[in-house]
Protein chains: 2
Amino acid sequence: MDLETYLSSRLALVNHALERLIPSGEAYPQVIHQAMRYSTFAGGKRLRPILTLAAAEAVGGDPERALPTACALEMIHTYSLIHDDLPAMDNDDFRRGIPTCHKAYGEAMAILAGDALLTRAFEVLSGNAELPGVSPEVALRVIREVAEAAGSLGLIAGQVVDIQSEGVPVSTETLRYIHEHKTGVLFKTAVRSGALISMASEKKLVALTDYAGYLGLAFQITDDILDVEGTIEKLGKSVGSDEKKLKATYPALFGLARSKELAGEAVAQAISSLEGLGAPAEPLREMARYLLARDH
Amino acid sequence: MDLETYLSSRLALVNHALERLIPSGEAYPQVIHQAMRYSTFAGGKRLRPILTLAAAEAVGGDPERALPTACALEMIHTYSLIHDDLPAMDNDDFRRGIPTCHKAYGEAMAILAGDALLTRAFEVLSGNAELPGVSPEVALRVIREVAEAAGSLGLIAGQVVDIQSEGVPVSTETLRYIHEHKTGVLFKTAVRSGALISMASEKKLVALTDYAGYLGLAFQITDDILDVEGTIEKLGKSVGSDEKKLKATYPALFGLARSKELAGEAVAQAISSLEGLGAPAEPLREMARYLLARDH
């Protein structure tokens, strides 16, 4: 299979559906819908929703049926980025090369746009039972799993501990906690809900959950590595100076070489988790390999 | 019936259930759960969740079955207060006589506590189908209605237009829009979801929706009146000076006397909406009368 073609066709599916699922910028009050769309269509790779679609395919499901769920996960991802970027949080002025939501629309509108995307995600998920072949029980289970993943013991817990860890020495355990909660839980939920909505067997669900756990880990390690390598290249400063900032990263705790090994091991484990799933899981395997090779 | 006894017994039910439904302040990461609890247990009157329970009773349902739904609506109400109080929004330092969430826990934690309460509300609603007599279809319908009410065309729309209206002249139409969305939609959803979860007939649902619409209107008018009368009493300043602030209030647009008439008319219409519901709707009628007489 050609991964580039696969990813771009899935990205188009997701973008087209998001276009339909978020109220138009003409809907009153216009500014909130424009802010929601500004951040949603800021050029994300759509990794989480594509994982949802690929997981649906991996268990023999129809990716179209998983599309609203995929979009709901992307809305939740976008809401978390908007709120994380706020001055009171990470205070980032730019993301993906353009001003962050609060820089473009002001803080009040950015807070509300995040709130609205989170809320809209659950509204979209509540409509899943109207799709052919999706039972109301399954639709409710997806809502429960997504809410748990996004809540104060999941995604939000990761952000809380990340904020608390700024400027203080961080243990390996805390680093793992932050990554698992800021990245891992939403990866897992993206994959699981694609499988759930496709009526996957419990056995396949377990295999996919393992895959997603290793994939999330690999993603975070390579993210940390790219941060360091990008920094060295751009600023000419040593890895040591990053370590002094006490930022919770894999290279800071394990060194660059060992971090690369760890990322490779995680990808190998992700792929071997899918052994029982055969050819339909090939896009998921390719996505794991792609993750390791990415340079941005 | 004795309304005071009714309200205090229902308030105890709601508080007890909220205590159970929000993770303990010992749950890691503690600070987020402590912040969620700080604002949730800051002494609210629990008007919305009590409306949910009273609506369940009005259609012959078991208030216990409506309790998780009632609590979910209170969580959404609390999240909206936490976010509305933020410096970027209304910038309020105190609410109900104690420091607002961001004053007590910092802005980052207040934003996240609001996010977490909103998310937890949907998680709680996803569990409704496990209650005896609640079908998964009804549980999904409640989630859809609550998400619509809380979203960018409901509650959030009200806050957006309220922010946009600060310091500019506001038409009667805009005032109505703000009130209907900031207060009305959540009142309506509180009442409707109590009825839905109790398997109310479509006819009763319509009557209760009308009731809630008038009640929300009456609530907002009396709120505006109390603001003005409180202000006159406390600061000795005239109604005219409030009008100069161009704040979107009923007294500013209609004068105090006409506003009181309008509140009375709305309460009368709320009560007459319940004509077909007989004795079980008495708590809802009493609550409407109580609203008109309140002085805080």
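All heavy atoms count here, side chains included; hydrogens, waters and symmetry mates do not. Residue numbers begin at 1 in each chain, while the letters A, B, ... track the order of the sequences.
Per-residue heavy-atom pair counts under 4.5 Å with chain A were compared for B/Ala150, B/Gly151, B/Pro29, B/Ala27, and the maximum is reached by B/Pro29. When A/Asp84, A/Leu155, A/Val146, A/Ile156 are compared by the number of non-hydrogen pairs under 4.5 Å with chain B, A/Ile156 comes out ahead. Per-residue counts of heavy-atom pairs under 4.5 Å with chain A were compared for B/Ser80, B/Gly154, B/Ala88; the largest is that of B/Ala88. No other option in A/Gly114, A/Ala147, A/Ser135 has as many heavy-atom pairs under 4.5 Å with chain B as A/Ala147. Ranking B/Arg144, B/His181, B/Met36 against chain A, the residue ahead of the rest is B/Arg144, based on heavy-atom pairs under 4.5 Å. Taking chain A as the reference chain and counting heavy-atom pairs below 4.5 Å, the highest number among B/Val160, B/Ile163, B/Asp115 is found for B/Asp115.
The contact between A/Leu86 and chain B is made entirely by side chain atoms (from C-beta outward), counting heavy-atom distances below 4.5 Å. Heavy atoms closer than 4.5 Å to chain A are found in both the backbone and the side chain of B/Leu112. Of the two parts of B/Glu130, only the side chain, counted from C-beta on, holds a non-hydrogen atom closer than 4.5 Å to a non-hydrogen atom of chain A. B/Tyr177 touches chain A through its side chain: at least one heavy atom from C-beta onward sits under 4.5 Å away, while N, CA, C and O do not. For chain B, the nearby part of A/His33 is the side chain; its heavy atoms alone come within less than 4.5 Å.
Listed in order of number, the residues of residues 117-129 of chain A that approach chain B to under 4.5 Å between heavy atoms are A/Leu118, A/Thr119, A/Phe122, A/Glu123, A/Ser126, A/Ala129. Listed by sequence position, B/Pro136, B/Glu137, B/Ala139, B/Leu140, B/Ile143 are the residues of residues 136-143 of chain B in contact with chain A, using a 4.5 angstrom heavy-atom cutoff. Below 4.5 Å, heavy atoms of chain A meet heavy atoms from B/Glu107, B/Ala108, all part of residues 98-108 of chain B.
In this structure, A/Gln164 CD and B/Gln30 CD are separated by 8.0 Å, a value rounded to the nearest 0.5 Å.
The closest side-chain heavy-atom distance from A/Ile32 to B/Gln159 is not below 4.5 Å.
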(request) Start with the C-alpha gap between A/Tyr28 and B/Val161, add the side-chain angles, then the distance that decides, and say whether side chain to side chain contact (heavy atoms under 4.5 Å, CB included) holds. (result) CA-CA 9 Å; A/Tyr28 185 81; B/Val161 178; 3.5 Å; yes

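The stretch residues 186-195 of chain B participates, sequence neighbours left out, in these side-chain hydrogen bond (donor to acceptor under 3.5 Å, both in side chains) pairs: B/Glu145-B/Arg192, B/Arg192-B/Thr209.
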